[in-house]
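Okay, so here's the structure we're looking at.
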Amino acid sequence: MAEFAVYPGSFDPFTNGHMDIVKKAARLFSRVYVLIGVNTEKKRAYDAEKMKAAIEAAIADEGISNCVVCVHTGLTAAFAEQNGIRYMVRGLRNNLDYNYEENIAEVNKLINPALETVYFRADHAAVSSSMVRELRLYGQDASNYVPAAVLACLNACEA
Ligand code: ADP
């Protein structure tokens, strides 16, 4: 049976750690929606539409063709319901991620009981969006931590 999954996040920016999770999810599910969640009260470092284009290019560079990238304002659980998605993918780097994710999963289950949260363990646990933002802030090389298309996006956004 064809199963769809949603992988939500801020992706501000999208990193090699996120790509690790996308690859794992794309192998298991027939379609993966990478959902850039936009919170109107939280200012982003990098423009969501530009990040969307960069993520699409990075995923294409990996030869993955069953992913759709969307920018979304609102609840992931509602997006899942509207698009016939039964699984929500999240990545786990450590026990801090686990505790945080479990709270979100519980709330999502209340909003949409048909939505099951699944975790993939991180193979790039040291990589985070905040670390990349920090490196960029101080003019350091971040090319080992983000896909090439995302690096080009960061350069364009900061120009
Ligand atoms: P959020 O604001 O929703 O936490 P992020 O963009 O920081 O958004 O992360 C999205 C998801 O990706 C979360 O499940 C997070 O735990 C996971 N993630 C972040 N960094 C990594 C990494 N290096 N490896 C695997 N998963 C990661």
Side-chain angles (χ1 to χ4, degrees), residues 4-29 31-59 61-62 64 67-81 83 85-112 115-137 140-151 153-154 157:
F4 299 164
V6 60
Y7 177 36
S10 309
F11 305 123
D12 191 26
F14 186 87
T15 68
N16 288 340
H18 295 133
M19 183 61 90
D20 172 38
I21 302 301
V22 167
K23 282 184 194 166
K24 288 168 176 167
R27 278 198 291 268
L28 197 60
F29 294 102
R31 186 184 303 159
V32 177
Y33 290 87
V34 178
L35 200 66
I36 306 174
V38 175
N39 180 339
T40 41
E41 293 185 354
K42 209 168 134 194
K43 201 174 154 16
R44 294 180 60 87
Y46 300 103
D47 180 77
E49 288 297 337
K50 287 182 180 147
M51 192 54 63
K52 172 182 184 282
I55 297 171
E56 284 170 345
I59 288 173
D61 286 347
E62 291 289 344
I64 298 168
C67 289
V68 180
V69 187
C70 304
V71 176
H72 179 68
T73 312
L75 295 172
T76 303
F79 179 90
E81 203 165 2
N83 291 279
I85 300 164
R86 297 203 302 169
Y87 293 91
M88 173 151 112
V89 167
R90 299 289 283 174
L92 289 185
R93 286 164 292 187
N94 50 43
N95 61 328
L96 294 177
D97 268 356
Y98 177 77
N99 291 340
Y100 174 74
E101 295 296 341
E102 273 301 287
N103 284 330
I104 299 180
E106 200 173 318
V107 173
N108 277 316
K109 198 81 197 220
L110 291 173
I111 301 169
N112 178 355
L115 185 64
E116 204 58 54
T117 299
V118 293
Y119 300 127
F120 285 101
R121 64 170 294 279
D123 281 328
H124 300 274
V127 184
S128 68
S129 297
S130 57
M131 182 193 79
V132 172
R133 287 198 301 271
E134 190 96 348
L135 286 172
R136 298 290 298 192
L137 188 64
Q140 299 297 307
D141 179 24
S143 58
N144 285 335
Y145 309 113
V146 296
V150 172
L151 191 68
C153 171
L154 303 190
C157 286

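In what follows, every heavy atom counts, from backbone to side chain, and hydrogens, waters and symmetry copies are set aside. It should be emphasised that the depicted structure is a prediction, and the values quoted were computed from it without experimental measurement. We count residues from 1, following the sequence as given. Both counts, for ligands and for their atoms, begin at 1 and track the order of listing.
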With distance as the sole test, does [X] use its side chain to make a donor-acceptor pair with the main-chain N or O of [Y] at under 3.5 Å?
| X | Y | result |
| --- | --- | --- |
| D12 | S129 | no |
| N94 | L96 | yes |
| R90 | P8 | yes |

I want to know if ligand 1 touches [X] in the polar sense, i.e. an N/O pair below 3.5 angstrom.
| X | result |
| --- | --- |
| E101 | yes |
| G9 | no |
| H18 | yes |

Contact atoms of ligand 1, heavy-atom distance to [X] under 4.0 Å:
| X | result |
| --- | --- |
| H124 | 22 (C), 23 (N), 24 (N) |
| I21 | 25 (C), 26 (N) |
| A122 | 24 (N), 25 (C) |
| P8 | 10 (C) |

**Request:** Could you walk me through whether R121 and Y119 pass side-chain hydrogen bond (donor to acceptor under 3.5 Å, both in side chains), step by step?
**Result:** CA-CA 6 Å; R121 64 170 294 279; Y119 300 127; over 6 Å; no
**Fill in**
Rounding to 0.5 Å, atoms NZ (K23) and CZ (F120) come to a distance of 13.5 Å
**Prompt:** Which value, rounded to the nearest 0.5 Å, describes the distance between L75 atom CG and N108 atom CG?
**Reply:** 7.5 Å
**Request:** Can you establish whether the number of heavy atoms outside K50 located under 6.0 Å from its atom NZ is more than 12?
**Result:** no
Tell me which protein heavy atom sits closest to [atom], plus the residue, atom name and distance to 0.1 Å.
| atom | answer |
| --- | --- |
| atom 6 (O) of ligand 1 | F11 N, 3.0 Å |
| atom 1 (P) of ligand 1 | S10 OG, 3.8 Å |
| atom 20 (N) of ligand 1 | R93 NH1, 3.2 Å |
| atom 4 (O) of ligand 1 | R90 NH2, 3.7 Å |

**Worked verdict on L28 versus V118 for side chain to side chain contact (heavy atoms under 4.5 Å, CB included)** = CA-CA 11 Å; L28 197 60; V118 293; over 6 Å; no
Mind checking whether [X] has a heavy atom under 4.0 Å from ligand 1?
| X | result |
| --- | --- |
| Y7 | yes |
| T15 | no |
| D97 | yes |

**Item:** V34 vs F11, side chain to side chain contact (heavy atoms under 4.5 Å, CB included): CA-CA, chis, key distance, verdict
**Value:** CA-CA 9 Å; V34 178; F11 305 123; 3.7 Å; yes
**Fill in**
Nearest heavy-atom contact between R136 and A142 is CD-CB, 4.1 Å
**Asked** Between A125, A126, G91, which one has a non-hydrogen atom sitting closest to atom 15 (C) of ligand 1?
**Response** G91
